[in-house]
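What follows is a set of notes on a single structure, which appears directly below.
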Amino acid sequence: MKIIEMFNKKRPVLSFEIFPPRPDVPLDSIYAHLEQFEALRPDFISVTYGAGGSRKGRTLEIASRIKKLHGIESMAHFTCVGHTREETDYMLKAMHSSGLENILALRGDPPADQPDFDFSRGAYKHASELVEHIRKVNDFCIAAAAYAEGHVDSRRLSEDLAHLKEKVDTGVDFLITQLFFDNRLFFDFIEKARAAGIKCPVSAGIMPIFKADQIKSIALKSGCSIPAKVVIMMDKYQNDPEDMRKAGIEYASLQIRELIDEGVDGIHLYTMNRPKSTREIMDSISLLR
Ligand code: FAD
């Protein structure tokens with residue numbers, strides 16, 4: 001099923017994001033979690049694409065299994081950075097023949113060890129070009145990334161919003177935001193996006209805080225800000241992993257509850273492959289169906 005049809009029928013659409021295990025870790029490690037995620041009955045599960053295309057086969061395999069074996073709609077992430085047109089078409093065909101109907105079309109990030117990476121070496125420089133290409137070759141439901149605080153490469157939010165509008169206009173069905181820890185940033189972003197003419201559904205990306213160091217490094221890379229109350233929380237529990245996890249679950253649950261109360265189109269939970277904590281969040285926001 002195309003995910004956009006879900007948004008046409010109900011709001012909020014609930015989705016989970018998982019990532020494939022490292023190549024040296026058997027796929028069974030994630031397969032064991034899938035049953036537990038299935039029990040939480042999300043509307044769909046998305047599977048990330050390793051930076052620069054690493055683990056791409058695994059993305060396909062896992063996304064296809066979620067749909068076929070667990071009966072839950074899935075979405076494969078796909079990044080075009082560094083890919084030739086032929087490689088891109090090969091992946092799109094492979095996704096299509098695996099029965100996948102939904103794709104998160106992304107530019108991706110340059111390899112961490114190449115700060116001067118030349119984006120023009122790939123066939124597509126921006127996600128909008130990839131979206132345009134996918135629209136021409138088949139009929140996937142296409143999602144794209146949005147940034148409530150602006151993408152880290154953009155000088156201004158207004159600049160990023162203008163590019164986002166161009167991207168949506170090339171054929172995006174719905175958007176998912178990068179993580180954010182202050183709902184006001186999301187609400188302001190939605191107001192600006194709607195004023196700029198972006199009409200498609202926008203799912204709010206929520207990442208629970210489980211480990212302070214992990215969140216700091218993700219925030220640094222993604223450019224998302226960490227509010228003072230989160231800094232205080234991370235300092236308070238830095239020597240107690242279980243209390244940190246519980247506080248992170250509570251914080252994410254409060255964020256989600258408020259977003260739902262304000263009529264958000266969708267909640268996209270970055271599960272970090274943790275079904276137990278995901279269940280605790282679902283219990284706490286009473287979304288368990
Ligand atoms: P784009 O939409 O191309 O935007 C990137 C930058 O270019 C922005 O600053 C934008 O304003 C600017 N820009 C866009 N168009 C133009 C133009 N025409 N001229 C000038 N500037 C322009 N990464 C992975 O490697 N694997 C994943 O699985 C993955 N999943 C993600 C899931 C979500 C929900 C999100 C939010 C991000 C994910 N990412 C993933 C990270 C993403 O790849 C990076 O944030 C990347 O840096 C940007 O990708 P994009 O698709 O947003 O790029």
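- L14 has its side chain within reach of M282: a pair of non-hydrogen atoms, C-beta onward, lies under 4.5 Å apart.
- In this structure, R11 and P201 approach most closely via the heavy-atom pair NH2-CG, 3.8 Å.
- When hydrophobic clusters are built by joining Ile, Leu, Val, Met, Phe, Trp and Tyr residues whose side-chain heavy atoms come closer than 4.5 Å, directly or via intermediates, L254 is not grouped with L259.
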Practice task
Please lay out, stage by stage, how K125 and E129 fare under the test salt bridge (charged side-chain N to carboxylate O under 4.0 Å, His left out).
Solution key: CA-CA 7 Å; K125 216 167 147 196; E129 296 168 18; over 6 Å; no

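- By the rule that hydrophobic residues join a cluster once side-chain heavy atoms approach within less than 4.5 Å of another member, Y270 and M244 end up as members of one cluster.
- Residues D173 and K2 fail the side-chain proximity criterion, which asks for heavy atoms closer than 4.5 Å.
- Under the 4.5 Å side-chain criterion, counting only non-hydrogen atoms from C-beta, I62 is in contact with P21.
- Checking side-chain atoms of E73 against main-chain N and O of M1 turns up a donor-acceptor pair under 3.5 Å.
- Closest of all the heavy-atom pairs between S98 and S64 is O-OG, 3.8 Å.
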Handout entry: Stepwise salt bridge (charged side-chain N to carboxylate O under 4.0 Å, His left out) test for K211 and D213
Key = CA-CA 6 Å; K211 290 181 189 163; D213 286 352; over 6 Å; no

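- For the pair D109 and V81, the minimum side-chain heavy-atom distance is 4.5 Å or more.
- Of the possible polar contacts, none joining the R107 side chain to the C80 backbone as a donor-acceptor pair under 3.5 Å is found.
- Taken to the nearest 0.5 Å, the CD1 atom of I198 stands 4.0 Å off from the CG atom of L164.
- T271 places a side-chain N or O within donor-acceptor distance of the main-chain N or O of E17, the cut-off being under 3.5 Å.
- At a cut-off of 3.5 Å, with distance as the only test, a side-chain donor of S253 or S284 sits close to an acceptor on the other residue.
- At a threshold of 4.5 Å between non-hydrogen side-chain atoms, the residues E38 and L34 do not count as touching.
- Put simply, the side chain of I226 reaches to within 4.5 Å of the side chain of I215, judged on heavy atoms.
- The two residues S203 and F7 come nearest to each other via the heavy atoms OG-CZ, 3.6 Å.
- The two atoms that bring I3 and C141 nearest to each other are N-SG, 3.8 Å, heavy atoms only.
- Of the inter-residue distances, the one linking I256 atom CD1 with H268 atom NE2 reads 11.5 Å to the nearest 0.5 angstrom.
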Exercise for the section: Please assess Q255 against F180 for the test side chain to side chain contact (heavy atoms under 4.5 Å, CB included), listing each intermediate value before the final yes or no. Expected result: CA-CA 10 Å; Q255 258 196 293; F180 57 89; 3.6 Å; yes

Practice task
For side chain to side chain contact (heavy atoms under 4.5 Å, CB included), just list the numbers for L60 and M91, CA-CA rounded to whole Å, side-chain angles, deciding distance to a tenth of an Å, and then say yes or no.
Solution key: CA-CA 9 Å; L60 255 182; M91 279 306 293; 4.1 Å; yes

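- Pairs of residues two or more places apart, or lying in two chains, that qualify as salt bridge (charged side-chain N to carboxylate O under 4.0 Å, His left out) and include a residue from residues 189-204 are R194-D265.
- Of the possible polar contacts, none joining the R245 side chain to the F210 backbone as a donor-acceptor pair under 3.5 Å is found.
- Inspection of the H77 and S46 side chains reveals an N or O donor paired with an N or O acceptor under 3.5 Å.
- When side chains are defined from C-beta on, L130 does not count as touching L106, because their heavy atoms never get closer than 4.5 Å.
- Within the model, atoms OG1 of T48 and CG of L104 stand 10.0 Å from one another, a figure rounded to the nearest 0.5 Å.
- Interatomic distance, K136 NZ to T170 OG1, rounded to the nearest 0.5 Å: 10.0 Å.
- A distance-only check finds a donor-acceptor pair linking the side chain of S74 to the backbone of A63 [under 3.5 Å].
- Residues G266 and P12 approach most closely at CA-CB, 4.0 Å, considering heavy atoms.
- In this structure, R65 forms a cation-pi arrangement with Y31, its terminal cationic atom sitting closer than 6.0 Å to the ring centre and no more than 45° off the ring axis.
- Minimum heavy-atom separation, A127 to K167: CB-CD, 3.8 Å.
- Judged purely by atom type and a 3.5 angstrom limit, Q178 has no side-chain atom pairing as donor or acceptor with the backbone of S222.
- The backbone N or O of S15 sits nowhere less than 3.5 Å from a side-chain atom of D43 that would complete a donor-acceptor pair.
- Here the CD1-CZ distance, from I281 to R279, works out to 12.5 Å after rounding to the nearest 0.5 Å.
- F140 and H96 have perpendicular rings, their planes meeting at more than 60° on a 0 to 90° scale where under 30° would count as parallel.
- Between the side chain of H126 and the backbone N or O of S128 there is no donor-acceptor pair closer than 3.5 Å.
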Problem - Audit row: I103, M95, side chain to side chain contact (heavy atoms under 4.5 Å, CB included) steps and yes/no - result: CA-CA 9 Å; I103 182 168; M95 285 183 204; 3.6 Å; yes

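- Ring geometry for F189 versus F186: interplanar angle of 30 to 60°, hence tilted.
- Between the side chain of R58 and the backbone N or O of R22 there is at least one donor-acceptor pair closer than 3.5 Å.
- Residues Y147 and I206 fall into different hydrophobic clusters, defined by Ile, Leu, Val, Met, Phe, Trp and Tyr side chains chained together at heavy-atom separations under 4.5 Å.
- Using modelled atom types, no side-chain atom of E262 and backbone atom of E258 make a donor-acceptor pair closer than 3.5 Å.
- The shortest distance between side-chain heavy atoms of V47 and F19 does not fall below 4.5 Å.
- For residues 84-103, the set of pairs meeting the salt bridge (charged side-chain N to carboxylate O under 4.0 Å, His left out) definition, not counting sequence neighbours, comprises K67-E101.
- When the shell of 6.0 Å around CD of E250 is examined, it contains 12 or fewer heavy atoms from other residues, nucleotides or ligands.
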Practice task
Would you check, one step at a time, whether the test salt bridge (charged side-chain N to carboxylate O under 4.0 Å, His left out) holds for K165 with D169?
Solution key: CA-CA 6 Å; K165 170 80 169 88; D169 287 349; 2.7 Å; yes

Problem - Derivation of the side chain to side chain contact (heavy atoms under 4.5 Å, CB included) call for Y251 and V230 - result: CA-CA 9 Å; Y251 192 89; V230 174; 3.5 Å; yes

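- Between atom CG of residue N102 and atom CD of residue E5 there is a gap of 9.0 Å, rounded to the nearest 0.5 Å.
- Aromatic ring orientation, H83 versus F78: tilted (interplanar angle from 30° to 60°).
- Shown here is E35, whose CD atom has no more than 12 heavy atoms of other residues, nucleotides or ligands within 6.0 Å.
- L185 and L175 are not part of a single hydrophobic cluster, where members link through side-chain heavy atoms under 4.5 Å apart.
- Tracing side-chain contacts under 4.5 Å through hydrophobic residues (I, L, V, M, F, W, Y), one reaches V137 starting from V131; they form part of the same cluster.
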